[in-house]
There are 2 protein chains.
Amino acid sequence: MEEENNKKITIADVAKLAGVSKGTVDRVLHDRGGVSRKSMEKIRQVIDELGYEPNVYASMLAMRKEHVIACILPDSIKDDYWYLVREGFEKGGENIASMNIRTRIFLYDQYSPESFRKAGMQLLESNPSGVVLPPFFKNDTYTLANALSLRGIPYVYVDSKLEDDGHFAYYGMPMYKSGYLCARLLTLRVPQKQLKGVLVVRIIRDKMRQSDPTLNRRSGFLDYMAEHYPSSDIHNLFIDPQAPKDTERQLNTFFKAHPGIHHIVMFNSRVHLLSDYLSRNPDPDRVVVGFDNLEKNISALSSGLINILICQHTDLQSYNAVMALSDYIIKHKRPERKDNFMHMDILTSLNIDNY
Amino acid sequence: MEEENNKKITIADVAKLAGVSKGTVDRVLHDRGGVSRKSMEKIRQVIDELGYEPNVYASMLAMRKEHVIACILPDSIKDDYWYLVREGFEKGGENIASMNIRTRIFLYDQYSPESFRKAGMQLLESNPSGVVLPPFFKNDTYTLANALSLRGIPYVYVDSKLEDDGHFAYYGMPMYKSGYLCARLLTLRVPQKQLKGVLVVRIIRDKMRQSDPTLNRRSGFLDYMAEHYPSSDIHNLFIDPQAPKDTERQLNTFFKAHPGIHHIVMFNSRVHLLSDYLSRNPDPDRVVVGFDNLEKNISALSSGLINILICQHTDLQSYNAVMALSDYIIKHKRPERKDNFMHMDILTSLNIDNY
DNA sequence: TTTATTTTCGTGCACGTGCACGAAAATTTT
DNA sequence: AAAATTTTCGTGCACGTGCACGAAAATAAA
C-alpha cells in the first residue's frame with residue numbers, strides 16, 4: 001500500500017481524499033471524538049491506504065506544551081548507588097534538552113518515608129509528562145504510582161518493580177541470576193574440595209528498607225553454593241558503612257579466626273568499603289567479588305584490591321527510562337518490550353577500560 | 001546570563017533586541033555571509049546574552065531537505081560478522097525514521113575492490129548527509145573518505161579506522177587488548193606448568209584482505225602468552241569456511257596428533273565454524289574462546305560447545321555511528337569524543353541472557 | 001413546522017525557522 | 001554628480017500540525 005513516491009503524505013492529503021477538512025482528520029488522529037462514524041471509517045481507511053505518518057517536527061512545534069520528565073530519588077552523596085541512577089537520568093536529560101523536554105529530580109531522605117511522600121506530592125504538582133520511578137518504600141511508591149495512573153502520566157520503574165501492571169516500562173536487573181553468577185565467578189579457580197568457606201559482608205541497617213532487592217541476589221548465590229559446594233560454610237559479617245574503622249577491625253578479627261577463608265562477596269554496591277582492609281592486608285589467594293560500577297569500585301578493581309565486579313548498568317537503566325519516555329512523548333512510540341532486564345557485565349581489571 | 005523565565009527565546013526576540021530583522025539573524029546563525037561586521041557582532045552578542053537556542057522542530061520543519069545516512073558494506077549472509085554491522089545500522093535507521101531521516105545501504109562484494117569502488121560511486125550520487133564507513137580495502141576506502149571530505153559530508157569510521165583525521169567520529173574496538181584479554185581468559189584455570197599448548201584456528205583466505213584488524217588481536221594474544229606461558233606452543237590451523245567437512249577432518253587430525261592440547265581460540269567472529277567438530281568430540285578439559293555476538297556463536301555458547309565469547313558490540317558500533325550522525329543533522333551536536341573505543345563484554349553461558 | 005439542542009465539521013491562525021526575492025544602503029565607476 | 005555595481009538587509013511565505021472558534025447539519029423538543 002505505502003505510497004513511496006518521494007512526497008510525504010500530510011494531513012491535508014488525507015483530508016482531501018476522504019472528502020473532509022483537516023480539522024476532522026486531526027480529530028480522528030487524536031481520538032478526540034465529535035466525528036460521525038461514517039467519516040471516521042472513511043478517514044481511517046484513507047490513512048491506511050496512503051500510509052500517512054505524522055510529521056514529528058510539525059507536531060511538536062504546534063503543540064506548545066512544555067514537557068517535563070521527572071524522577072524521584074533518594075538524596076545521595078557522590079559515587080553512591082543512587083548517584084548512578086541519577087547520573088543516568090541526567091545524561092538522558094542532556095540528550096533530550098534540545099528537543100525541548102526538560103527533566104526534574106525530586107529528592108528525598110532515604111530514611112524518612114515522610115519525605116518520600118512530600119517529594120511525591122511535589123512531583124505530581126510539577127505535572128510531568130512522564131516519570132522515572134525507582135521503588136523504595138513499597139507502600140508509598142505504590143500510592144504514587146496510582147496517582148500517576150489516575151492522571152494518565154506514564155511511569156517507568158527502574159532498579160526493581162512493584163507488582164502493579166500499570167507501568168509504562170521497566171528497566172531492571174535479574175537479581176537472582178546475578179547472585180548465581182557471582183557465586184560461580186567467585187569459585188572459578190577453586191576445585192570442589194578446597195573451598196573452606198566464603199565471607200558475605202552485609203550492611204547492618206539494610207534491614208530497615210522494606211524490600212531489599214539484594215535478597216534475591218543472595219538467594220541466587222546461596223543456591224549455587226548449595227549445589228556446587230554443599231559442605232562449605234557461608235559466614236555473614238555485618239558492617240556499618242559509617243564506621244570504617246570498625247569495619248577494618250571486624251574483618252581483622254574474622255580472618256584471624258578463619259585463616260582458611262579467602263573468598264569475599266558483597267551483594268550491594270558497596271564493596272569499596274572493604275578497600276582499606278584489603279589494601280593493608282594483602283593475600284595472594286584472596287578473591288573478592290562485588291557489584292555495580294561505582295567509581296570507587298572501579299578503582300578498587302583497577303588497583304587489584306577486588307577481582308571481579310558484576311555490573312548491571314545501573315546508570316543505563318535510568319538513561320533508558322528517560323529515552324523511552326521521550327520517545328513516547330515525541331514519537332508516540334512504546335518500547336519494544338515492557339519489561340527489560342539488563343545484561344550483566346563481568347568486569348575484571350583486564351576489560352575495565354572504556355567502560 | 002541565561003534567561004530562564006519560562007518563555008523560549010526565538011529568532012524574532014534576538015532580531016528585535018539587535019535592531020535588525022530576523023532574516024539577518026538567520027544569516028549570522030548559519031554563517032552565510034552578507035552581513036556587515038557591526039551587525040554581526042551586535043547579533044552575536046545578543047544571542048549570547050539571551051542564551052538563544054534554536055528550536056529543533058521548527059528548524060527541521062522549515063528545512064525541507066530530505067536527509068539520508070548511508071553505509072557501505074560487504075554483502076553478507078545472515079549471521080555473518082558484517083551482518084551485525086548491518087543490523088546495528090538498520091536498527092539506528094528505524095530509530096530515526098520518524099525524524100524524517102532515511103538510511104541507505106550500498107553493498108559490495110568483499111572479494112572485489114572493483115565492486116567497492118562502484119558502490120562508493122553510487123553512495124556519493126545519493127548525496128547523503130552522513131556516512132557510516134567501515135574500512136575494507138584500504139586505498140579505496142581512503143579515496144572514498146577523501147571524496148566525502150571534499151563535499152563536506154561527515155563520515156564515521158566503524159570497526160577500524162584509517163590514519164586520516166578527517167572523520168567525524170570513530171566507533172571501534174581495542175583489538176590488541178581484546179587479544180590480551182582473550183589469552184588471559186583462555187588460561188584462567190590453568191596452572192603455569194600444565195599448559196601444553198594452544199590451537200589458533202584461522203581462516204585461510206583472510207590474507208587477501210589488505211589490512212586485517214585481527215592481526216592486532218593476535219599480537220595481544222601472543223604477547224600475553226609469551227609473558228605468562230613462555231614455554232607453551234602456539235599452533236596455527238588454517239581452515240576454509242566454505243568446506244566444513246575439511247575443517248572437521250583437519251581438527252580431528254590435529255588433535256589426534258596433539259592429545260595434550262585442550263585450548264582453542266579464533267580471532268575472528270567465526271568460532272561457530274568449529275561447532276560441528278566440538279559437538280561430535282566432547283572433551284571435558286577443553287576451553288574454547290571466540291569473539292563477537294553472532295547468533296550462531298551465542299547458541300554455541302549456550303549449549304556449552306564454546307566457553308567464552310568476547311563481545312565488542314559490533315552492532316552497537318554502527319548503531320552509535322548512525323545516532324551520532326543524526327544528532328549532528330538534527331541538533332548540530334558533535335559526539336563528546338571523536339574516537340570511541342567500545343567496551344569488551346565477557347560472555348559465558350551464565351550471563352548470556354538479556355544480551 | 002418552528003425552535004432548541006446536540007452533533008459534526010470547516011476555517012484560520014499560531015508555532016519558529018529557512019530561504020527566496022527584491023529593496024535599500026553603501027561603495028565604486030563613469 | 002550621476003550611474004552602475006556591490007553589499008547589506010527586510011519582507012513574507014512555506015513547512016505540517018494542533019486547536020479554538022463558530023458555522024452547518026442533524027436530531028430532539030416545542
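Chain identifiers are assigned alphabetically (A, B, ...) following the order of the sequence lines, protein sequences preceding nucleic acid strands; residue numbering begins at 1 within each chain. Values in this document were obtained by computation on a predicted structure and should not be read as measured data.
Screening residues 11-25 of chain A for salt bridge (charged side-chain N to carboxylate O under 4.0 Å, His left out) gives no qualifying pairs among residues at least two apart or on separate chains. Residue pairs meeting the salt bridge (charged side-chain N to carboxylate O under 4.0 Å, His left out) criterion with at least one member in residues 316-328 of chain B, sequence neighbours excluded, are B:D327-B:K331.
Listed by residue number, the members of residues 34-46 of chain A with any heavy atom below 4.0 angstrom from DNA chain C are A:G34, A:V35, A:S36, A:S39.
For B:Y171, the side chain to side chain donor-acceptor pair (under 3.5 Å) test picks out no residue, with sequence neighbours left out. Under the ring pair (Phe, Tyr, Trp, His ring centres under 6.0 Å) criterion, A:Y108 pairs with A:F116, A:F136, not counting sequence neighbours. Judged as a side chain to side chain contact (heavy atoms under 4.5 Å, CB included), and not counting sequence neighbours, the contacts of A:K338 are A:D165, A:H167. In terms of the salt bridge (charged side-chain N to carboxylate O under 4.0 Å, His left out) criterion, residue partners of B:R44 (sequence neighbours excluded) are, by chain and number, B:D31. Under the side chain to side chain contact (heavy atoms under 4.5 Å, CB included) criterion, A:K78 pairs with A:Y83, A:E295, not counting sequence neighbours. Applying the side chain to side chain contact (heavy atoms under 4.5 Å, CB included) rule to B:R337 yields the partners B:N340; only residues at least two apart in sequence or on another chain are considered. Looking at residues two or more places apart in sequence or on another chain, you find a salt bridge (charged side-chain N to carboxylate O under 4.0 Å, His left out) between A:K161 and A:D339.
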Pick out the pairs of N or O atoms, protein on one side and nucleotides 26-29 of chain C on the other, that lie under 3.5 Å.
none

I need a per-nucleotide contact map over nucleotides 14-26 of chain D, read 5' to 3'. Cutoff is protein heavy atoms under 4.0 Å; write B for the base, S for backbone only, - otherwise.
-BBBBB-------
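Between B:T24 and the phosphate of D:dG10, there is a side-chain N or O to OP1/OP2 separation shorter than 4.0 Å.
Salt-bridge check for B:K91 with B:E87: failed, with every basic side-chain N at 4.0 Å or more from each acidic carboxylate O.
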